Amino acid sequence: MEDSILEVAEEDKPNLEVYRHSTSHIMAHAISELYPDAHFAIGPAIADGFYYDIDSDVVITQDDLKKIEKKMKEIIKAKNAFVMKEISREEALTFFKERGEIYKVELLNEISDDTVTVFEEGGFTDLCRGPHLETTKKVKSFKLLSVAGAYWRGDEKNKMLQRIYGTAFFSKEELKAHLEFLEEVKKRDHRRLGKDLDLFSMNEDIGAGLVLWHPRGAAIRRSIEDFWLDQHNKSGYQILYSPHMAKLDLWKKTGHLDFYKDSMYSPMEIDELEYEIKPMNCPFHVYVFKSRLRSYRELPLRYAELGTVYRYERSGALHGLLRVRGFTQDDAHIFCTENQIEVEVQKVLDFTLFILSTFGFTDYIVYLSTRPEKFVGTEEGWDKSTKALEHALKQKELKYTVDPGEGVFYGPKIDIKVKDSLGREWQCSTIQVDFNIPERLDITYRDSDSNDTRPIMIHRALMGSLERFFGILIEHYAGAFPLWLAPTQISILTISEKHSEYGRSLHDFLIGEGIRSELDIDNEKIGYKIRRVSMLKTPYMCIIGDQEQENKTINLRKRTGESLGEISAEALLNLLNEEIAGRR
């Protein structure tokens, strides 16, 4: 077949994915010229840009990105055409073998087609399906962002490659706006803020993906847990606690070992029996249900637990609090009749949106995931449950998108993704109908005709995991938590040592009233004390000097710098309690 140039009409704005993939190709071309020993793996367009994985003996650093950008601009200026060639697979194998492109050869060996396409641009040839832009000159605005390590094909057994990330936009204005967005994301990074605000840490001596909650972070967690428990008690849930491990046979019975084996840890032997630390809480709740004969009059039965589970995540996938190996789920399971599914789902939807809005998430996207190819249960049961979920969404007038075939193997589900203050989407809440575990663990209730009947089990998580949700909260608020969540709600700062006694009495008063107060009577300048409190993003600070001590008042300021003037201790307590009660 003759060579061809992919035409992009001048009046048609090219697809952004094509635009970014072409920029990735240009980056690879530039790297090939600057680092002749480099070999190339894959270089796709992604949600916010592109990357290319390369294998080179030269370690490419952040400082080298400007050099690569300069070379890319030269290639763009040359106006090279992207020429597509269709060649035989054998010809492609020979071509890339001769050039030592072992990753391209591996990819080719997995292709069954007789022919493949390559794209040539300015003497640089890459294995690619395309499409690409017409010429390099079409690329106007791009930026290389970072360098990271990435195992070939995400497998830790393979070689670590160098991954270079970049982004590209149609205009300089769009690129500038995106780079400003990335700077804001960087400022809000929960890993950096977690350290700066002394909220949590992780330590290799303890193990990757295992979180240490510091006192300040633990104070926020306690506020979240107390709120969670209070609201679940009000909503008719019964609180459970379950062990951190169980016999391996349990996970065989439930099917978790078959479906989640790669995410489970190796079993341990106790009394010549194999035990497994739990990856899920569900079976324990089932056995509470199964502990005695149940009547239809007890249904729906709602169990909830803040249950800590452990799952294996590859080291390359771990990311602060967002991807960990030990985490606490805000887990709940509802046992109900088939006719109760819709009403229970409606209640869960109301509960979910209330919880999310309380934490400041009022914008969200809802998905309804339907039956996958491999499933348990009957098609009739799936159809009834899916219709119940769908009708519940319609009754609550929630807009949703159907996600065909993305239900879990044991039932359909509703997923809710929240949008944070930067407009980023985060998966938090899920509602899942389960036909699998009730069948596998053989649970029944006695119906109105005294027949043993299988209940429907609804899995439900509102926040997902406390660790991940906390990480999202840190970034959503940029560490400036509302008063009810803030680890320190008010800091008392004395101007000199002679004000210490009054400061201490005020601190003791607030602590006694349940306010998280911090007292700073150190012999430091007041400006230094104010800066320290500001850096910790404490919502309020009160300054005590001669006048305040004489008048038995405090000088109150917000973390924004706004001064609220002199008020009494009682007025301060009322102000704080009112704001905390409103969860503001």
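Note that the coordinates shown come from a computational prediction; the quantities given were computed from them, not determined experimentally. Positions are given from 1 along the sequence.
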Under the ring pair (Phe, Tyr, Trp, His ring centres under 6.0 Å) criterion, do Phe359 and Phe469 qualify, and how do the steps go?
CA-CA 10 Å; Phe359 287 103; Phe469 192 72; 5.1 Å; yes

Donor-acceptor check, side chain of Asn436 to backbone of Thr254, threshold 3.5 angstrom: yes or no?
yes

With no hydrogens and no angle check, do the side chains of Ser141 and Glu174 hold a donor and an acceptor under 3.5 Å apart?
no

Which class fits the ring pair His244 and Tyr310: parallel under 30°, tilted 30 to 60°, perpendicular over 60°?
tilted

Does a salt bridge link Glu313 with Arg325, judged by any charged N lying under 4.0 Å from a carboxylate O?
no

Locate the shortest heavy-atom distance separating His476 from Gly360; write the atom from each residue and the value.
NE2-O, 3.2 Å

Scan residues 24-37 for pairs that pass salt bridge (Lys or Arg N to Asp or Glu O under 4.0 Å), counting only residues two or more places apart or in two chains.
Glu33-Lys71

Here the pair of heavy atoms bringing Ile54 nearest to Leu161 is O-CB, 3.4 Å

Look only at the side chain of Asn15 and the backbone of Glu17, and say whether a donor-acceptor pair between them is shorter than 3.5 Å.
yes

Mark yes or no for whether Glu467, through its side chain, and Gly320, through its backbone, hold a donor-acceptor pair below 3.5 Å.
no

Could you walk me through whether Lys104 and Asp126 pass salt bridge (Lys or Arg N to Asp or Glu O under 4.0 Å), step by step?
CA-CA 9 Å; Lys104 304 296 182 184; Asp126 202 358; 2.9 Å; yes

Has Arg99 got its NZ or CZ under 6.0 Å from the middle of the six-membered ring of Phe96, at an angle within 45 degrees of the ring axis?
no

Which is it for Arg302 and Glu344 under the salt bridge (Lys or Arg N to Asp or Glu O under 4.0 Å) test, yes or no, and what are the steps along the way?
CA-CA 10 Å; Arg302 308 180 189 100; Glu344 286 305 301; 2.9 Å; yes

May I ask you to decide if Met457's main-chain N or O and Asp434's side chain share a donor-acceptor pair within less than 3.5 Å?
no

Rounded at 0.5 Å granularity, tell me how far OG1 in Thr401 sits from CG in Leu393.
10.5 Å

Any ion pair linking Arg153 and Glu110 (charged N to carboxylate O, less than 4.0 Å)?
yes

In short, salt bridge (Lys or Arg N to Asp or Glu O under 4.0 Å) pairs touching residues 260-286 with sequence neighbours left out are Lys278-Glu305

What is the minimum heavy-atom distance between Leu485 and Ser223, and which atoms define it?
CD2-CB, 4.0 Å

CZ-CZ distance between Phe142 and Arg20, expressed to the nearest 0.5 angstrom:
14.0 Å

In terms of side-chain heavy atoms, does Asp415 have a donor or acceptor partner in Thr430 at a distance below 3.5 Å?
yes

Testing the basics here: between Ile31 and Ala38, what is the closest heavy-atom pair and its distance to 0.1 Å?
CG2-CB, 4.1 Å

ring-ring contact (aromatic ring centres under 6.0 Å, His included) partners of Phe40, counting only residues at least two apart:
Tyr52, Phe124

Taking the side chain from Ser24 and the backbone from Pro44, do they hold a donor-acceptor pair closer than 3.5 Å?
no

Can you tell me if CE on Met535 sees more than 12 non-hydrogen neighbours from other groups inside 6.0 Å?
no

Using a strict 4.0 Å threshold on nitrogen-to-oxygen distance, state whether Lys187 and Glu183 make a salt bridge.
no

Minimum heavy-atom separation for Leu127 to Val118, with atom names?
CA-CG1, 4.1 Å

Between atom OG of Ser56 and atom CG of Leu34, what is the distance when rounded to the nearest 0.5 Å?
10.5 Å

Is the NZ or CZ atom of Arg460 both under 6.0 Å from the centre of the six-membered ring of Tyr237 and within 45° of that ring's axis?
yes

Rounded to the nearest 0.5 Å, what separates atom CG in Leu321 from atom CG in Leu199?
9.0 Å

Return yes if some donor-acceptor pair links the side-chain N/O of Arg371 with the main-chain N/O of Gly411 below 3.5 Å, else return no.
no

Using distance alone, with no hydrogens and no angle criterion, decide if Asp55 and Gln162 have a side-chain donor and acceptor under 3.5 Å apart.
no

Provide the full list of ring-ring contact (aromatic ring centres under 6.0 Å, His included) pairs with a residue in residues 407-440, sequence neighbours left out, each pair given once.
Phe259-Phe409, Trp382-Phe435, Tyr410-His459

Does the distance from a Lys or Arg side-chain N to an Asp or Glu carboxylate O, for Arg192 and Asp196, drop under 4.0 Å?
yes

We want to know whether Thr61 and Asp64 form a side-chain donor-acceptor pair, criterion being a heavy-atom distance below 3.5 angstrom.
yes

Checking side chain to side chain contact (heavy atoms under 4.5 Å, CB included) for the pair Ile68/Tyr35: CA distance, chi angles, key distance, verdict?
CA-CA 10 Å; Ile68 299 171; Tyr35 307 95; 4.3 Å; yes

Do other residues, nucleotides or ligands put more than 12 heavy atoms under 6.0 Å from the NZ atom of Lys67?
yes

Determine whether Phe169 and His178 satisfy the following criterion, ring pair (Phe, Tyr, Trp, His ring centres under 6.0 Å), listing intermediate values before the conclusion.
CA-CA 9 Å; Phe169 286 87; His178 183 69; 5.0 Å; yes

Quick one about Arg163 and Ser146 (side-chain donor to acceptor, distance below 3.5 Å, no hydrogens or angles considered), yes or no?
no

Do Thr328 and Thr308 have a side chain donor and acceptor closer than 3.5 Å?
yes

Using ring pair (Phe, Tyr, Trp, His ring centres under 6.0 Å) as the criterion, point out the one residue from Phe200, Phe327, Phe470 that pairs with Trp213.
Phe470

Tell me every residue that passes salt bridge (Lys or Arg N to Asp or Glu O under 4.0 Å) with Asp403, counting only those two or more places apart in sequence or in another chain.
none

Any donor-acceptor N/O pair, His39 side chain to Gly100 backbone, under 3.5 Å:
yes

Salt bridge check: are Lys413 and Glu406 linked by an N-O gap of less than 4.0 Å?
no

Distance check, rounded to the nearest 0.5 Å: Ile472 atom CD1 versus Leu322 atom CG?
6.5 Å

Taking 4.0 angstrom as the limit, do Asp258 and Lys252 come out as a salt bridge?
no

Are the charged groups of Asp189 and Arg191 less than 4.0 angstrom apart, N to O?
yes

Surrounding NZ of Lys537 (heavy atoms of other residues, nucleotides or ligands, distance under 6.0 Å), is the total greater than 12?
yes

Taking all heavy atoms of Leu144 and all of Leu65, pick out the closest pair and write down the distance.
CD1-O, 3.8 Å

Residues passing the ring-ring contact (aromatic ring centres under 6.0 Å, His included) test with Tyr303, sequence neighbours excluded, are Phe335

Parallel under 30°, tilted from 30 to 60°, perpendicular over 60°: which one fits the rings of His132 and Phe82?
parallel

Can you check whether Ala41's main-chain N or O pairs, donor with acceptor, with Asp53's side chain at less than 3.5 Å?
no

Are the side chain of Arg216 and the backbone of Pro487 linked by a donor-acceptor contact shorter than 3.5 Å?
no

Flag this pair as yes if the NZ/CZ of Arg188 is under 6.0 angstrom from the six-membered ring centre of Tyr477 and inside a 45 degree cone about the axis; otherwise no.
no

Quick one: pull up CZ in Phe50 and NE2 in His25 and give me the separation to the nearest 0.5 Å.
12.5 Å

Would a distance-only check, ignoring hydrogens and angles, find a side-chain to backbone donor-acceptor pair under 3.5 Å from Asp113 to Val116?
no

